[in-house]
Amino acid sequence: MSRLSTFFKDADTEFGVFYPKHYLLAVYPNFADADCAKAKLNCSGRPDEDVICVPGEGVVRFAEDHLLKDGLWGMMMTELSRVFGTEALYADKDLAAAKKGAAFVAVHCLTDDAKSEAWKILEPTHPLVARYYSFGGIEHFAGEN
């Protein structure tokens with residue numbers, strides 16, 4: 001089991017696409033920038049178990065594992081998601097960025113206050129993309145507005 005699989009406690013699948021409910025995901029151009037953002041979150045009092053920093057190759061492996069686990073049904077649902085212009089489009093962009101060396105920071109945020117506090121810390125680090133996954137949909141903070 002990968003580090004990402006164990007980290008995403010409440011993660012689920014929507015339309016065959018990985019959908020990490022209650023997580024703020026930020027994408028950075030490289031691992032050094034992402035690691036710096038993670039350190040800022042930890043210095044602000046965020047427990048280490050609520051924050052992860054992953055290089056692009058880790059995200060690519062995680063996506064491949066997810067594809068194998070979900071099989072043909074998952075592939076069909078992912079294509080349906082692409083047709084509707086939902087989560088799969090973001091997953092495709094994230095995977096393309098990961099393949100080009102982008103790195104990712106994910107923060108587990110169970111409340112709106114926790115999400116707001118995490119974003120206050122991440123915003124000045126200028127992520128390429130940042131979004132929060134909730135039951136009601138995806139909230140965009142940077143890069144896709």
Side-chain angles (χ1 to χ4, degrees), residues 1-70 74 77-145:
M1 185 172 284
S2 77
R3 226 174 113 216
L4 281 172
S5 295
T6 56
F7 176 76
F8 287 110
K9 306 166 193 74
D10 301 331
D12 204 352
T13 300
E14 300 282 334
F15 288 103
V17 180
F18 176 68
Y19 190 88
K21 285 183 191 119
H22 304 298
Y23 288 86
L24 194 158
L25 177 68
V27 182
Y28 292 87
N30 56 60
F31 186 77
D33 290 350
D35 195 43
C36 182
K38 179 189 183 298
K40 289 178 189 246
L41 286 161
N42 290 140
C43 287
S44 76
R46 281 275 174 178
D48 205 41
E49 64 268 9
D50 285 351
V51 184
I52 193 169
C53 177
V54 184
E57 57 268 11
V59 172
V60 171
R61 272 193 309 279
F62 181 73
E64 290 169 351
D65 291 346
H66 198 266
L67 179 64
L68 289 173
K69 184 183 100 183
D70 289 346
M77 292 304 291
T78 300
E79 285 306 313
L80 184 60
S81 175
R82 283 189 184 101
V83 168
F84 290 129
T86 58
E87 293 83 11
L89 296 177
Y90 304 123
D92 290 345
K93 289 178 183 178
D94 290 347
L95 188 56
K99 288 178 180 179
K100 292 178 183 172
F104 298 73
V105 172
V107 188
H108 193 219
C109 304
L110 284 174
T111 66
D112 282 341
D113 285 344
K115 172 187 65 174
S116 295
E117 290 168 13
W119 179 239
K120 276 187 212 170
I121 294 160
L122 291 178
E123 186 175 23
T125 67
H126 305 290
L128 300 172
V129 172
R131 65 182 87 91
Y132 178 75
Y133 294 81
S134 70
F135 285 112
I138 301 172
E139 184 176 349
H140 300 275
F141 290 108
E144 298 166 330
N145 299 353

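These figures come from a predicted structure and were not determined experimentally.
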Main-chain N/O of His108 paired with Arg46 side-chain donor or acceptor, under 3.5 Å: yes
How far does OG of Ser134 sit from NZ of Lys21, to the nearest 0.5 angstrom? 9.5 Å
Would you compute the distance between atom SG of Cys53 and atom CG of Asp35 and round it to the nearest 0.5 angstrom? 4.5 Å
How about Cys36 and Lys40: do any of their side-chain heavy atoms sit closer than 4.5 Å?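 When only atoms from C-beta onward are counted, Lys40 and Cys36 do touch, with a gap below 4.5 Å.
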Aromatic contact, His140 with Tyr132 (centres under 6.0 Å):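 Ring centroids of His140 and Tyr132 are no less than 6.0 Å from each other.
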Test: salt bridge (charged side-chain N to carboxylate O under 4.0 Å, His left out). Region: residues 100-114. Which pairs qualify, not counting sequence neighbours?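 Residue pairs with at least one partner in residues 100-114: Asp112-Lys115.
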Taking distance alone, no hydrogens or angles, what donor-acceptor pairs closer than 3.5 Å link side-chain atoms of residues 117-126 to residues at least two apart or in another chain?
{"residue": "Thr125", "atom": "OG1", "partner": "Tyr28", "partner atom": "OH", "Å": "2.6"}
{"residue": "Thr125", "atom": "OG1", "partner": "Leu122", "partner atom": "O", "Å": "2.5"}
{"residue": "His126", "atom": "NE2", "partner": "Pro124", "partner atom": "O", "Å": "3.3"}

Please find the pair of heavy atoms, one from [X] and one from [Y], that lie closest to each other, and give the distance.
{"X": "Ala114", "Y": "Leu110", "result": "CB-N, 4.4 Å"}
{"X": "Leu25", "Y": "Ala106", "result": "CD1-CB, 4.3 Å"}
{"X": "Pro55", "Y": "Ala103", "result": "CA-CB, 4.1 Å"}

Salt bridge or not for Asp94 and Arg131, using N-O below 4.0 Å?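 Between Arg131 and Asp94 there is a salt bridge, with a charged N closer than 4.0 Å to a carboxylate O.
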Evaluate the criterion side chain to side chain contact (heavy atoms under 4.5 Å, CB included) for residue pair Phe135 and His22; output intermediate values, then yes/no. CA-CA 8 Å; Phe135 285 112; His22 304 298; 3.3 Å; yes
Kindly determine whether Asn42 and Asp48 satisfy side chain to side chain contact (heavy atoms under 4.5 Å, CB included), including the steps that lead there. CA-CA 6 Å; Asn42 290 140; Asp48 205 41; 3.4 Å; yes
